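Since this is a predicted model, take the numbers as computed values, not measurements. Protein chains get the first letters and strands the later ones, always in sequence-line order, with residue 1 at the start of each. Note that these values count all heavy atoms, side chains included, but never hydrogens, waters or copies made by symmetry.
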Amino acid sequence: MHTEPPPLSALQAWLDAYGTVEDRYGHLLLEQIQPIDQALIDALKPYFESAHLDAREHFHQQVGIDLHPDATASGAHACYPDCLPIVARRGLFGEVIAGLVTQAYADELVGEHPWSVPIFLFRFHADVESYLWDLRYDPSRKRQVFGRFGSDFVGIRLDATGRVIRVIVGEAKWRASLTDSAVAALLHGEKNATCPTTGEKIHNGQGIWFEVNRDSVVPKGLRQLQRLLELRDPINHASAIASMDAAITAATPTLARTNLVVIAGNAAKKRKKLSVLVPWEQPPAEYQSGHDLQVVELILDGGEALIDGLYSSLWKA
DNA sequence: CGGTCTTAGTGGTCTCATTC
DNA sequence: GAATGAGACCACTAAGACCG
């Protein structure tokens, strides 16, 4: 289970938070104000280990490799998640950040819901498992890994009796440089379509808003979360499990939902302080979903050093 | 002319749909 | 019936374009 709370004081020293809520639309800008250093990595490490623990145990058991990092057999030592290719690690970082922000800044997010993040869904990243399998028999194997299907992140709000009354579903993206074109491609799709009238290159409309709009009312991740709770800690989550099952099997889904979009990366060189990538005054015109929307922008400087430093330190002294 | 941004191209697996 | 294509998703990099 994911039990480690976010390192609040380290976050406060590292980031300035500017949150706004307009009706059912929340926007949170997190700007780095302190350089990334070893102390920050040390502070975040327990949270990241906690987030990846379930997947680490699951994958290593599946593939049949030892969890002890000092195991001597060649190619048979624990390596998730650090052994993943760089692109995949970037993606994982964004997804953990989605959870971290949800927990650490719940007061500033739309609705001010006290979110719970009982466990992360990384074990459902199917291609990682087959990659680790390849790696176990050929440690020199190098290839890219496909992203996980379904929601990047799922959190829940429980009522006093432990029943799930709302779900937060996150889409998380990392980009090394958050320039206008890079962000536009994320939000509106790649610029590989052609305008039928002018012949100009235009966005293909397959971006984040498209994904969020068309996602099923009840996210697939909720079922995955339910299964993990059943497997890992059924006694303490009995009410949550039962209510999730009811929500999923209901003929007409009534579960309340918040959509979360997290964009993380390094500031563009020409970025001005406090400028935003997604306007905060009102939800984007492209957002058609009737659910609450929360946008989070995490603007870093030299963020790769944080990701690489963090992931290479997990489960190591 | 130099720095920054944009565009185009690349990798990787598996399944389902379409075409030959 | 077999080969090809597209779509699911995570991003980076090289080279050319642009701006001051």
Side-chain angles (χ1 to χ4, degrees), chain A residues 51-52 55 59 62-63 80-99 120-138 140-154 169-195 198-216 219-221 224 259-273 275 277 298-308 310-311:
Chain A
H52 284 298
F59 287 140
Q62 278 302 102
V63 178
Y80 175 89
D82 187 41
C83 64
L84 296 180
I86 188 168
V87 170
R89 284 205 312 254
R90 301 280 191 268
L92 294 182
F93 175 79
E95 297 178 29
V96 177
I97 288 294
F120 282 77
L121 307 178
F122 293 119
R123 73 156 65 185
F124 296 103
H125 197 163
D127 196 33
V128 165
E129 185 173 317
S130 61
Y131 178 72
L132 293 179
W133 189 270
D134 293 343
L135 213 55
R136 184 214 195 295
Y137 292 98
D138 178 8
S140 66
R141 181 71 193 273
K142 293 267 187 296
R143 68 166 175 85
Q144 298 293 312
V145 174
F146 257 60
R148 191 166 55 78
F149 303 143
S151 342
D152 285 346
F153 164 76
V154 171
V169 183
E171 180 70 26
K173 299 288 180 191
W174 164 270
R175 281 297 180 275
S177 182
L178 293 171
T179 57
D180 288 347
S181 61
V183 174
L186 285 183
L187 298 178
H188 306 118
E190 286 194 60
K191 207 170 186 177
N192 57 9
T194 308
C195 177
T198 67
E200 284 178 303
K201 286 283 182 190
I202 55 171
H203 296 282
N204 64 16
Q206 310 267 88
I208 287 177
W209 303 131
F210 170 78
E211 298 283 339
V212 172
N213 287 338
R214 75 163 177 178
D215 192 25
S216 50
K220 186 182 174 195
Q224 297 177 330
N259 284 316
L260 170 70
V261 172
V262 178
I263 298 173
N266 296 317
K269 300 282 184 190
K270 292 183 170 175
R271 177 180 186 272
K272 294 189 177 113
K273 207 165 159 33
S275 70
L277 305 167
L298 176 63
I299 311 297
L300 305 182
D301 177 20
E304 297 94 336
L306 174 64
I307 300 174
D308 294 338
L310 201 44
Y311 275 86

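Between A/F210 and A/W174, it is A/F210 whose nearest contact on DNA chain C lies nearer the 5' terminus. Nearest-nucleotide mapping onto DNA chain C: of A/A176 and A/Q206, the residue sitting toward the 5' end is A/Q206.
In plain terms, the two heavy atoms of A/V96 and A/F122 that are nearest each other are CG2-CZ, 3.6 Å.
Set against B/dC5, B/dT13, B/dG11, the side chain of A/T179 has B/dC5 as its closest nucleotide. If you check B/dT6, B/dC5, C/dC10 against the side chain of A/K269, the one that comes closest is B/dC5. Among the nucleotides C/dC9, B/dG11, B/dT7, the one closest to the side chain of A/E211 is C/dC9. The side chain of A/R175 approaches C/dA11 more closely than any other nucleotide in the set B/dC5, C/dA11, B/dG11. Picking from B/dT13, C/dC10, C/dA11 the nucleotide with the shortest atom distance to the side chain of A/D152 gives C/dC10. Across C/dC12, C/dA8, C/dC10, the shortest atom-to-atom separation from the side chain of A/K173 is found for C/dC10.
Rounded to an integer number of Å, the gap from CZ of A/F122 to C1' of C/dC10 is 13 Å. Rounded to an integer number of Å, the gap from CD1 of A/I202 to P of B/dT6 is 18 Å. To the nearest angstrom, C1' of C/dC19 lies 14 Å from CG of A/D180. Atom CG in A/L84 sits about 15 Å away from atom C1' in B/dT13, given to the nearest Å. With rounding to whole Å, A/R271 atom CZ is found 22 Å from B/dG3 atom P. As a whole-Å value, the separation of A/L135 CG from B/dG12 P is 14 Å. Atom C1' of nucleotide C/dA11 and atom CD1 of A/I263 are separated by 15 Å, given to the nearest angstrom. One interatomic measurement links the two molecules: CG of A/D215 to P of C/dA8, which rounds to 13 Å at whole-angstrom precision.
Using a 4.0 Å heavy-atom criterion, one finds that A/E129 contacts no nucleic acid atom at all.
Listed for the A/R89 side chain is a donor-acceptor partner under 3.5 Å among the backbone atoms of A/D82. Between the side chain of A/R90 and the backbone N or O of A/W174 there is no donor-acceptor pair closer than 3.5 Å.
The closest side-chain heavy-atom distance from A/L277 to A/I299 is below 4.5 Å. The shortest distance between side-chain heavy atoms of A/L92 and A/Y311 falls below 4.5 Å.
Side-chain polar atoms of A/Y131 and A/H125 form no donor-acceptor pair below 3.5 angstrom.
Ion pairing of A/K220 with A/D215 is absent here, as no side-chain N (NZ or NE/NH1/NH2) approaches a carboxylate O to less than 4.0 Å.
Remark: A/K273 engages A/E31 in a salt bridge (Lys or Arg N to Asp or Glu O under 4.0 Å) (not counting sequence neighbours).
Within a 6.0 Å radius of CG in A/N213, more than 12 heavy atoms belonging to other residues, nucleotides or ligands are found.
Interface residues of residues 89-99 of chain A facing DNA chain B, ordered by number: none; criterion, heavy-atom separation under 4.0 Å.
When the C1' atoms of four end pairs are superposed on the next four at each end of the helix from B/dC1-C/dG20 to B/dC20-C/dG1, using five pairs per end, the two resulting axes differ in direction by 60°, to 10°.
Ring geometry, A/F120 versus A/F153: the interplanar angle falls from 30° to 60°, so the pair is classed tilted.
Listed pair A/K270 / B/dT4 fails the phosphate criterion, with no side-chain N or O lying under 4.0 Å from OP1 or OP2. Distances shown here put every side-chain N or O of A/K201 at or beyond 4.0 Å from the OP1 or OP2 atom of B/dT7.
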